[in-house]
Colleague: 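Handing you this structure, nothing more for now.
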Number of protein chains: 2
Amino acid sequence: MSQKHSVVICDDHGIVREGIKQVLASNPALEVVGEAANGLEGLALISKLRPDVVVTDITMPEMNGIDMTRELTKEFPDIRVVILSVHSRKTFIMEALKAGARGYVLKDSAGEKLLDAVQAVLDGDSYLDSPVAGHIVDEFVKMPSASEPAAGGGGETLTDRERQILSLVVEGFSNKQIAEKLFLSPKTVDNHRAKIMSKLGRRDVIGLVKYALATGLVDPDTWGR
Amino acid sequence: MSQKHSVVICDDHGIVREGIKQVLASNPALEVVGEAANGLEGLALISKLRPDVVVTDITMPEMNGIDMTRELTKEFPDIRVVILSVHSRKTFIMEALKAGARGYVLKDSAGEKLLDAVQAVLDGDSYLDSPVAGHIVDEFVKMPSASEPAAGGGGETLTDRERQILSLVVEGFSNKQIAEKLFLSPKTVDNHRAKIMSKLGRRDVIGLVKYALATGLVDPDTWGR
DNA sequence: GGGTAAATGAGGTGGACACCTCATAGAGGG
DNA sequence: CCCTCTATGAGGTGTCCACCTCATTTACCC
């Protein structure tokens with residue numbers, strides 16, 4: 001008899017975490033061992049707790065769910081990630097899967113789908129919500145043998161670090177604040193920033209914000225709070 | 001004892017509805033009698049079921065939660081409405097209260113607050129989540145006299161010129177470009193800009209962009225590219 | 001092992017901007 | 001008629017940032 005499978009939940013809204021917890025509770029083989037409100041918190045918690053599965057939102061302050069997933073699967077390839085998001089756009093799904101997520105469920109869907117997804121990734125399978133699966137199929141059909149899709153739309157691909165810093169810039173943090181947050185020199189942040197702008201062909205912060213909103217790096221709905 | 005109080009839930013995300021239901025289930029005096037995924041559905045359902053309380057999101061397709069509340073309280077003044085939202089902006093809260101909502105809880109908050117809010121409105125009271133209450137207090141403090149503009153730094157009314165310049169700033173134009181466009185001295189634009197920031201209590205361009213998007217000064221859909 | 005890319009960091013320069021005071025001129029209200 | 005609000009403009013100061021070059025370390029790939 002195998003013991004319970006541990007789950008960590010990441011979402012910036014308390015009510016949503018509550019909902020996920022309650023949904024997962026209906027499967028007695030699952031145990032929620034921790035919760036985090038953003039990607040950075042999540043990473044810290046997960047590397048401490050080493051859960052079997054992580055259920056995470058995409059749009060979160062500090063660090064988004066996709067960047068977190070990317071870090072996570074790099075360091076702990078055994079941990080399965082299920083993305084639970086409001087976004088059904090192809091770019092999100094592609095990014096999430098490339099980052100290493102094995103499950104993708106829309107928040108519109110019933111709780112049962114989340115349970116199925118968690119079960120699937122625990123079995124080593126993948127699970128895509130049906131509207132999501134449709135988009136992915138479209139994508140592969142359209143792709144002949146492309147080398148690099150260069151997701152993010154703009155032109156060049158940003159590195160992990162660059163995306164992370166970009167999202168902090170767009171949140172409104174200054175170079176100095178970002179440097180303190182990430183334990184870097186302000187000069188390093190400046191350099192990353194310059195690289196980002198050169199890659200994206202933008203000349204100011206507003207251009208970066210537009211890029212971030214257009215590509216969904218930040219959520220247009222909750223960003224403007 | 002009195003019989004159970006009936007509740008209808010409106011939210012466009014299944015998982016969130018699930019969460020709300022589970023939270024409310026911990027109070028045995030409450031019974032969720034129906035769910036809707038948008039305001040129109042909600043209105044139809046509510047006029048059929050006549051629940052004691054409605055718990056609703058703001059952002060929903062077809063009809064948003066505030067418009068729904070307005071219709072609702074006009075037709076059925078006895079039905080209490082609790083808003084459950086991600087938005088902590090004053091404008092949302094004020095609109096919701098003016099529309100007739102008696103409770104306002106942020107999704108960031110713990111589920112317990114929602115239970116308290118539902119209990120409060122059932123008792124005929126009002127309930128405002130603490131960060132929300134803070135904003136409302138700001139609003140009333142600001143009202144009696146505008147003699148102290150610098151102190152609060154809260155939301156004040158912009159003049160036409162200020163709004164015009166703000167929208168150009170948010171579009172990404174520099175002070176110099178705006179000056180040329182409006183046949184002004186760059187210094188004048190700078191002064192307006194300073195006044196705007198002082199009025200809105202923001203310290204950088206990103207703050208201005210957030211304000212403009214949140215208040216609809218620029219169109220979130222077309223702005224991003 | 002050499003090439004390439006990413007991440008880190010430093011130096012310097014100029015420009016844009018946030019923040020301050022001050023001044024003037026017109027519109028509107030008591 | 002004064003008083004306030006708005007719009008216009010100027011002066012100055014300091015900070016942050018965009019843009020440049022250069023250097024080091026790590027890592028991955030052929």
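Protein chains get the first letters and strands the later ones, always in sequence-line order, with residue 1 at the start of each.
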Colleague: Name the closest nucleotide to the B/Val205 side chain, picking from D/dC19, C/dA18, D/dA18.
Modeller: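 When the side chain of B/Val205 is considered, C/dA18 is the closest of D/dC19, C/dA18, D/dA18.
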Colleague: Can you tell me the distance, in whole Å, between the NZ atom of A/Lys187 and the C1' atom of D/dC16?
Modeller: 11 Å
Colleague: For B/Thr56, which of B/Ile20, B/Ile83, B/Asp11 qualifies under side-chain contact (heavy atoms from CB on, under 4.5 Å)?
Modeller: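 Checked B/Ile20, B/Ile83, B/Asp11 against B/Thr56; only one passes side-chain contact (heavy atoms from CB on, under 4.5 Å): B/Ile83.
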Colleague: Can a donor-acceptor pair be found, under 3.5 Å and without considering hydrogens, that links the side chain of B/Ser198 to the backbone of B/Ala194?
Modeller: no
Colleague: Rounding to a whole Å, what distance do you find between B/Arg202:CZ and C/dC17:C1'?
Modeller: 18 Å
Colleague: Which of these passes side-chain contact (heavy atoms from CB on, under 4.5 Å) with A/Val33: A/Leu45, A/Leu49, A/Asp52?
Modeller: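 Of the listed options, the one satisfying the test is A/Leu49.
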Colleague: Pick base, sugar-phosphate or nothing for A/Thr159, based on heavy-atom distances below 4.0 Å to the nucleic acid.
Modeller: sugar-phosphate
Colleague: Does A/Gln22 use its side chain to pair, donor to acceptor, with the backbone of A/Glu18 at less than 3.5 Å?
Modeller: no
Colleague: Quick check on contacts: within residues 173-186 of chain A, what sits under 4.0 Å from DNA chain C by heavy-atom distance?
Modeller: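 Output list: A/Leu184, A/Ser185.
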Colleague: Can you find a side chain N or O atom of A/Arg161 that sits less than 4.0 Å from OP1 or OP2 on C/dT8?
Modeller: yes
Colleague: Could you tell me whether the side chain of A/Asp190 has a donor or acceptor atom within less than 3.5 Å of a complementary atom in the base of D/dC19?
Modeller: yes
Colleague: Grab the CG-P distance between A/Leu166 and C/dA7 for me, whole Å please.
Modeller: 13 Å
Colleague: Looking only at side-chain atoms of B/Asn191, point me to the closest of D/dA10, D/dC19, C/dC19.
Modeller: D/dA10
Colleague: Yes or no on side chain to side chain contact (heavy atoms under 4.5 Å, CB included) for B/Val205 and A/Val205, after CA distance, side-chain angles and deciding distance?
Modeller: CA-CA 8 Å; B/Val205 196; A/Val205 194; 5.6 Å; no
Colleague: Taking CZ from A/Arg203 and P from C/dA16, how many angstroms apart are they, rounded to a whole number?
Modeller: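 Between P of C/dA16 and CZ of A/Arg203: 13 Å.
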Colleague: Please find the pair of heavy atoms, one from A/Val23 and one from A/Leu115, that lie closest to each other, and give the distance.
Modeller: O-CD2, 3.6 Å
Colleague: Any sub-3.5 Å donor-acceptor pair from B/Asp190's side-chain atoms to B/Pro186's backbone N or O?
Modeller: no
Colleague: Using whole Å, what does the distance between atom C1' of nucleotide C/dA16 and atom CG of A/Asp204 come to?
Modeller: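 Between C1' of C/dA16 and CG of A/Asp204: 11 Å.
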Colleague: Does any N or O in the side chain of A/Thr69 come within less than 3.5 Å of the main-chain N or O of A/Gly65, such that one atom is a donor and the other an acceptor?
Modeller: yes
Colleague: Are any of B/Thr188's side-chain N or O atoms less than 4.0 Å away from OP1 or OP2 of D/dG9?
Modeller: yes
Colleague: Describe, as an angle rounded to 10 degrees, how the axis at the first end of the helix from C/dG1-D/dC30 to C/dG30-D/dC1 is tilted relative to the axis at the last end, five pairs per end.
Modeller: 40°
Colleague: Calculate the interatomic distance between A/His192 atom NE2 and D/dC17 atom P; express it in whole Å.
Modeller: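 Rounding to the nearest Å, NE2 of A/His192 and P of D/dC17 are 15 Å apart.
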Colleague: Starting at CD1 of B/Ile165 and ending at P of D/dT8, how long is that distance when rounded to a whole Å?
Modeller: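 So the CD1-P distance, B/Ile165 to D/dT8, works out to 7 Å.
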Colleague: Measure from the side-chain N and O atoms of A/Arg80 to the backbone N and O of A/Leu122, and report whether any donor-acceptor pair falls under 3.5 Å.
Modeller: no
Colleague: Could you tell me how far apart B/Lys195 (NZ) and D/dT8 (C1') are, to the nearest whole angstrom?
Modeller: 12 Å
